Amino acid sequence: MVEVLTTRTESAQKAVMHLQADSQAESKVALKGLSVWYGMSKVVDDVSIDFRRNRVTAVMGPSGCGKTTLLKTLNRMIDLVPDARVEGEAYMDGQNILDPQFDVTILRRHVGMVFQKPNPFPMSIYDNVAFGPRIHGMKKKGELDRVVEESLVGAGLYGEVKDKLGKPASSLSGGQQQRMCIARAIAIKPEVLLLDEPTSALDPSGSLKVEQLITTLKENYTLVLVTHNMQQAARISDNTAFLYEGRLVEYGETGQMFENPKEELTEKYITGKFG
Amino acid sequence: MNSEKGLGARKAKDWTMRGVALALTLVILIPLFDIIYVVAVNSAPALSLTILTKTTADGGLINAIAGSVFLVCFSSLLAILLGVFSGVYLAEFGGRFASVVRLLADVLTGVPSIVVGYFGFIVFVLDFGWGFSALAAALALTIIMLPYVTRTTEFALRKVPSDMKEGSFALGATRSTTVNRISLRYAAPGILTGVLIAVSISLGETAPLIYTADFSNYLPSGALTHSPVGYLTYVTWAYISEPFASAHQQAFVASLILMLLVLSIGLCARFMVARWWKS
Amino acid sequence: MRKRESPRDRAYGLAVAIVAASIPVFVFGILLFLIEYSLPAIKFNGLGFFTGTSWNLGDFNAVKFITKNGVEGLPGASFGILIFLAGTLASSTIALLIAIPTSIAVALFTVEDAPRRVREPLIALVDLLAGVPSVVYGLWGLVVLVPLMERTVAPDLASTLGFIPFFGGATGAGYGLLTSGLVLALMVTPIVSSTVRESFAKTPPDVKEAALALGCTKWEMERKVVLPYSKTTIAGASLLGLGRAFGETMAVLMVGGGAGAVAYLPSNVYSPISTMATVIVSLLDSAVTDPTKLALYSLAEVALVLFLITLSANMLARLFVHGGIAKALVSGGREN
Ligand SMILES: Nc1ncnc2c1ncn2[C@@H]1O[C@H](COP(=O)(O)OP(=O)(O)OP(=O)(O)O)[C@@H](O)[C@H]1O
Ligand SMILES: [Mg+2]
């Protein structure tokens with residue numbers, strides 16, 4: 001059993017500290033005192049994090065610590081869970097996206113999400129990627145063709161599929177499906193991309209391709225990457241947040257955090273000395 | 001950022017579809033309540049002990065009630081005997097013949113009940129010479145119930161945990177003992193659900209009975225052949241087109257009894273489904 | 001892990017197999033009986049059976065029977081079922097046109113919209129609807145729908161939609177095609193809806209989430225994900241419903257207005273109709289009196305055709321609905 005070390009004031013201090021970290025990049029999404037309950041149990045506890053523009057922020061922590069929940073709050077997929085309750089604020093470019101007045105359809109157009117398991121729609125590769133743009137009103141064939149190509153190129157998949165865009169997406173390999181899901185997510189030109197353990201269902205070569213893709217995507221997007229894989233976080237993220245039992249234990253630059261963690265808990269987790 | 005072209009129209013469509021789905025759900029439920037209401041209101045003035053003491057000829061229903069009960073019990077008995085063991089065959093012994101039986105059970109559920117009625121009339125009533133009779137009618141109903149009892153029995157038996165069966169085998173029990181003592185006992189509530197559904201179906205049937213049971217103003221004689229039998233659905237069908245208000249009331253009361261029985265059997269089956277199937 | 005069978009087990013297996021053979025015996029018994037019994041009629045009637053519009057037992061006072069293709073009949077006898085075939089197809093088509101979208105809507109509402117606490121009771125109510133006996137539907141149709149149709153619905157429809165073919169013209173007495181179609185729709189909807197509902201509930205949640213995460217509204221998600229995933233089930237359930245509508249007897253007998261068996265093709269949606277199923281009831285009494293039995297044979301031919309039509313609908317449905325028809329019906333309740 002590991003004691004929970006952080007207290008409310010400490011975490012508030014840390015939030016201030018984190019705002020200073022990585023100050024070259026500006027803030028894209030800022031969580032302020034975010035808490036989430038499922039029914040009676042609090043699974044995200046007073047978390048404040050600043051996700052930076054054009055950076056990959058890794059969110060790490062043991063299973064069940066609330067990583068997915070945190071991510072789902074950022075595009076309000078959490079609204080779909082009947083007994084979930086959210087408190088606190090999340091500012092995206094200065095607007096509180098947790099405000100019930102804030103339209104989720106629009107939010108999700110700006111905050112894309114890629115899931116743990118590839119989840120292609122039962123339609124062709126082309127239609128999968130064109131899905132979002134079509135929903136959001138793009139009709140012209142030429143425009144759609146261009147977006148589909150761009151997105152597939154952006155997802156590093158175009159070369160592999162350009163001759164079989166009409167084939168069902170299910171005919172792709174798992175890794176290709178996952179990159180297609182990334183293409184599908186970036187086809188609507190979001191600003192933030194949420195990735196929930198995007199490589200956990202893939203084989204090593206598939207994972208590698210997705211990892212490479214993530215590093216190239218940060219040129220244009222703000223990325224939030226949930227991962228269990230510490231090497232992966234170390235390889236491709238700029239900043240890392242470490243969650244434990246719903247609390248933010250530590251948040252800082254990835255290199256620094258892996259070499260020189262400030263918290264005992266973080267160190268234990270990183271060195272694998274966790275119960 | 002909090003706006004997008006075309007979003008208003010998309011939202012409007014979404015709300016419309018939500019509204020349509022709710023509205024159509026209500027539209028489909030209104031008749032259910034209206035049926036109950038109409039049947040109850042129209043039979044209310046006629047509800048008295050007469051129904052149970054007099055026959056249809058004298059404004060009561062006792063012959064129809066007794067006949068329905070008789071036919072349903074008779075046919076259920078046959079359907080349970082045939083259906084449960086057919087289900088045992090499908091679940092426990094099935095070979096290639098089993099898939100044929102399964103297919104034909106599906107075919108049988110799709111045979112229109114009037115076709116069964118016509119078959120029963122020519123074959124049982126005329127050819128076999130049974131005349132209008134409980135036997136002809138009950139057999140027709142059995143044909144209709146059989147596939148339901150068979151398939152629910154099969155499904156129920158398939159839900160018996162295999163370790164339970166293996167436990168019995170391990171004790172040296174034979175297959176037949178295991179089926180009879182363990183599987184059928186464990187699956188009994190599931191099988192009963194199927195039987196209840198079948199009973200409720202046969203209770204509501206008319207078409208297969210018109211030309212097999214005919215109708216009788218007297219209590220069932222107990223004779224299996226050459227003796228027409230009265231039943232409730234007939235009263236509803238035939239008496240509503242008589243020109244007398246009293247006949248109409250009999251038709252409604254017959255429907256009320258049918259509805260009460262069918263609804264309570266349905267609720268019962270549902271309760272058991274919830275308790276057992278989903279466990 | 002098959003055990004070596006003891007003699008007792010083999011006997012038991014054989015016994016239950018023999019019992020299970022009752023199902024093939026009944027199915028083939030009915031089918032072979034219908035074929036054999038209708039054979040004279042098939043010979044006598046020829047293809048005219050499907051194109052003829054009159055059901056005429058012929059001249060009972062005739063001294064001599066006539067012979068056609070080696071089959072004896074009364075002079076003037078002719079048996080054509082076009083009118084009944086039309087009644088069956090038209091009423092079932094109307095029923096399905098109403099029932100399919102309604103079933104989908106009810107299933108969507110149940111799975112996607114209904115609050116958790118409402119869902120189970122709602123499913124129970126829809127299933128109860130499936131359990132209402134068809135004479136009770138007939139009774140309700142007779143005392144509620146028929147007057148409503150006669151007094152308001154039919155005249156209103158005729159005056160507003162009269163320009164559409166089959167919607168104008170005489171509006172009749174409330175009995176007829178449209179009333180039958182409505183009652184059939186009501187009877188078929190719970191069956192179709194419960195099959196479809198179960199399929200909707202099995203839509204992979206992660207794919208639904210993917211659609212919502214791309215900014216779909218709920219309806220867009222339903223249309224692009226939920227419906228496509230269930231399209232074969234919807235097709236299968238609809239065929240199942242069609243089979244039911246084809247074979248339904250009592251309700252249509254009571255609200256179709258074809259008490260005797262109508263003698264004309266429906267001219268519009270308010271026309272009285274008889275169906276293949278209802279005429280077997282309506283015409284049997286008179287058929288028994290035919291000294292040549294040809295009328296009885298012809299009714300067997302009606303039953304055979306009805307059997308084959310419903311059989312094809314059901315077998316097609318079986319291809320679509322996983323687990324077979326019995327399962328769909330058992331888990332979804334059933335009409336009369
Ligand atoms: N819909 C829900 N209803 C109730 N509890 C939930 C729900 N979803 C998740 N939980 C619980 O909330 C806690 C946090 O879940 P979450 O999925 O956010 O964890 P996670 O960090 O993503 O875990 P993992 O690494 O296993 O994916 C867990 O204890 C989980 O059991
Ligand atoms: Mg997770």
Side-chain angles (χ1 to χ4, degrees), chain B residues 10-11 13-14 17-18 20-22 24-25 28-29 31-32 35 38 82 85-86 88-89 93 101 104-112 114-115 118-119 122-123 143 146-148 151-152 169 174-176 194 197 200-201 204-207 210-211 233 236-237 240 255 258-259 262-263 266 270, chain C residues 3 6 8-9 12-13 16-17 19-20 22-24 26-27 30 33 37 102 105-106 108-109 113 124-125 127-129 131-136 139-140 142-144 186 189 217-219 243 247 249-250 254 277 280-281 284 299 303 306-307 310-311 314 318 324-327 329-330 334 336:
Chain B
R10 290 170 54 201
K11 289 254 150 115
K13 198 164 183 183
D14 187 45
M17 293 318 293
R18 304 262 79 76
V20 167
L22 172 64
L24 286 178
T25 305
I28 211 69
L29 290 180
L32 177 64
I35 286 170
V38 166
L82 294 177
F85 289 108
S86 300
V88 167
Y89 171 72
F93 295 88
V101 171
L104 292 177
D106 277 4
V107 169
L108 205 50
T109 55
V111 177
I114 185 61
V115 172
Y118 187 80
F119 169 79
I122 304 287
V123 175
I143 293 176
L146 181 56
Y148 294 93
R151 294 309 297 277
T152 12
F169 289 139
T174 60
R175 242 157 120 80
S176 48
I197 291 170
S200 142
I201 289 168
E205 284 287 5
T206 322
I210 297 174
Y211 289 103
T233 49
T236 294
W237 171 53
I240 196 66
S255 284
L258 283 170
M259 285 297 284
V262 165
L263 293 188
R270 187 145 207 98
Chain C
K3 277 189 53 131
S6 71
R8 244 194 88 194
D9 280 350
Y12 186 84
V16 289
V19 173
S22 60
I23 290 171
F26 283 132
V27 174
I30 293 173
F33 155 74
Y37 203 69
T102 308
V106 173
L108 272 183
F109 178 79
D113 290 348
L125 284 175
D127 284 357
L128 285 183
L129 204 54
V132 175
S134 56
V135 274
V136 178
L139 181 71
W140 180 76
L142 201 63
V143 299
V144 176
L186 194 56
T189 298
T217 62
K218 201 167 178 183
W219 164 242
T249 312
M250 300 317 290
M254 293 169 85
I280 297 177
V281 176
L284 190 52
L299 274 187
L306 181 59
F307 183 107
T310 48
L311 181 68
N314 282 314
R318 196 178 199 264
I325 296 164
K327 180 161 183 221
L329 289 170
V330 165
R334 178 197 187 252
N336 80 323

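Quick caveat, the model's predicted, so the values are computed rather than measured. Note that these values count all heavy atoms, side chains included, but never hydrogens, waters or copies made by symmetry. Below, chain A is the first sequence line, B the second, and so on; all start at residue 1.
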Going from [atom1] on [X] to [atom2] on [Y], what distance comes out if it is rounded to the nearest 0.5 angstrom?
| X | Y | atom1 | atom2 | result |
| --- | --- | --- | --- | --- |
| C/S134 | B/I201 | OG | CD1 | 11.5 Å |
| B/R175 | C/S6 | CZ | OG | 10.0 Å |
| B/L146 | C/F26 | CG | CZ | 6.5 Å |

Need one label for [X]: side chain, backbone, both or neither, based on atoms under 4.5 Å from any heavy atom in chain C.
| X | result |
| --- | --- |
| B/I210 | side chain |
| B/Y211 | side chain |
| B/L22 | both |
| B/V38 | side chain |

With only heavy atoms counted, which part of [X] is less than 4.5 Å from chain B, the side chain, the backbone, both or neither?
| X | answer |
| --- | --- |
| C/V144 | side chain |
| C/W219 | both |
| C/L125 | both |

Does any part of the side chain of [Y], heavy atoms only, come nearer than 4.5 Å to the side chain of [X], both counted from C-beta?
| X | Y | value |
| --- | --- | --- |
| B/L258 | C/V132 | no |
| B/K13 | C/T217 | no |
| C/F109 | B/L24 | no |
| B/Y118 | C/F307 | no |
| C/P24 | B/V101 | yes |
| C/I23 | B/P147 | no |
| B/M259 | C/P133 | yes |
| C/L142 | B/W237 | no |

Check your understanding: Aromatic rings B/F119 and C/F33: how do their planes relate, parallel, tilted or perpendicular, breaks at 30° and 60°?
Key ->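 Perpendicular: the ring planes of B/F119 and C/F33 meet at over 60°.
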Check your understanding: Between B/F93 and C/Y12, how do the two ring planes meet: parallel, tilted or perpendicular, split at 30° and 60°?
Key -> tilted
Point to revise | Under-4.0 Å salt bridge between B/D106 and C/R318 | key: yes
Do you know which two heavy atoms are closest between [X] and [Y], and how far apart they sit?
| X | Y | answer |
| --- | --- | --- |
| C/G131 | B/V262 | O-CG1, 2.9 Å |
| B/S86 | C/S22 | OG-OG, 4.1 Å |
| C/T310 | B/P112 | OG1-CD, 3.4 Å |
| C/V16 | B/Y89 | O-CB, 3.7 Å |

Exercise for review: Give the C-alpha distance, both sets of side-chain angles, the deciding distance and a yes or no for side chain to side chain contact (heavy atoms under 4.5 Å, CB included) between B/V115 and C/I30.
Suggested key: CA-CA 8 Å; B/V115 172; C/I30 293 173; 4.2 Å; yes
Revision key, fill the gap. Answer key: most heavy-atom pairs under 4.5 Å with chain B among C/V143, C/L128, C/L186, C/L284 is C/L284
Check your understanding: Counting heavy-atom pairs under 4.5 Å to chain B, which of C/L108, C/V281, C/T189, C/T102 comes out on top?
Key ->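 Ranked by contacts with chain B, first place is C/V281.
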Practice item. Taking side chain to side chain donor-acceptor pair (under 3.5 Å) as the test, write out the residues that go with B/K11, two or more places apart. Key: A/D103
Check your understanding: Would C/M250 and B/I114 count as a side chain to side chain contact (heavy atoms under 4.5 Å, CB included) if you check the C-alpha gap in whole Å, the side-chain angles of each, and the deciding distance to 0.1 Å?
Key -> CA-CA 9 Å; C/M250 300 317 290; B/I114 185 61; over 6 Å; no
Point to revise | Top contributor to chain C interface from B/V88, B/I28, B/L263 [non-hydrogen pairs under 4.5 Å] | key: B/I28
Review point. Looking only at atom types and distance, does a side-chain atom of C/D9 sit under 3.5 Å from a main-chain N or O of B/T174, one as donor and one as acceptor?
Key: no
Practice item. Keeping the roles fixed (side chain from C/N314, backbone from B/V107), state whether a donor-acceptor pair exists under 3.5 Å. Key: no
